[in-house]
Amino acid sequence: MTQQLLQYSYLQVLDFMTTTAFLVNGIREGNPLVRMALRYGPTPLSGLLLVKLAAVCLGIYCWRYGKTRLLGRINILFALVVTWNLAALIVGSVGRGA
């Protein structure tokens, strides 16, 4: 179970990094809640950090209360999100001739 929480936390870090790469490259955030946090946070980066902090808190909640099935499903979802983000960044950089 602890391994699921570590995986979840790692995926949150990867999502934070790929989202930051999107923002640096002028790509708009697709998640409307994250987009709102980016817009209304003191800075876009701090808004994103707050979203990720809340996500980690939710992961800890699932871990602490034995929601292993939910945490496993969320891990799969975020693994797919990170994979999608990386693929989009690669395709976008190839399109720019990088």
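Criterion: ILVMFWY side-chain heavy atoms under 4.5 Å apart, direct or through other members. Under it, L50 and L23 are not part of a common hydrophobic cluster. Follow the hydrophobic side-chain contacts under 4.5 Å out from L70 and you never reach L77; the two are in separate clusters. Taken together through direct or relayed side-chain contacts under 4.5 Å among Ile, Leu, Val, Met, Phe, Trp and Tyr, V34 and M36 form parts of separate hydrophobic clusters. One hydrophobic cluster, built from ILVMFWY side chains closer than 4.5 Å, cannot hold both W84 and L14; they sit in different ones.
Atom CG of residue N75 and atom SG of residue C62 lie 9.5 Å apart, to the nearest 0.5 angstrom. To the nearest 0.5 Å, atoms CD (Q12) and CD1 (I74) are separated by 9.0 Å. Atom OG of S9 sits about 11.5 Å away from atom CZ of F78, to the nearest 0.5 Å. Between the CZ atom of F22 and the CZ atom of R28 there is a distance of 13.0 Å, given to the nearest 0.5 Å. Considering CD of Q7 and OG1 of T2, their distance stands at 11.0 Å, rounded to 0.5 Å. In this structure, the separation between OH on Y65 and CD1 on I60 is 12.0 Å, given to the nearest 0.5 Å.
For the pair L11 and F16, the minimum side-chain heavy-atom distance is 4.5 Å or more. For the pair L86 and T83, the minimum side-chain heavy-atom distance is 4.5 Å or more.
Shown here for Q4 and T68, the closest heavy-atom pair between the two residues is NE2-O, 3.3 Å. Nearest heavy atoms, S46 versus G41: OG-C, 4.3 Å.
Of the possible donor and acceptor atoms, none in the side chain of Y8 sits under 3.5 Å from a partner among the backbone N and O of L58. Judged by distance alone, with hydrogens and angles left aside, the side-chain atoms of N85 form no donor-acceptor pair with the main-chain N or O of D15 at under 3.5 Å. A distance-only check finds a donor-acceptor pair linking the side chain of N31 to the backbone of L33 [under 3.5 Å]. Proximity of a side-chain donor or acceptor of E29 to a complementary backbone N or O of T19 within less than 3.5 Å is not detected.
Other residues, nucleotides and ligands contribute at most 12 non-hydrogen atoms within 6.0 Å of the CZ atom of R69.
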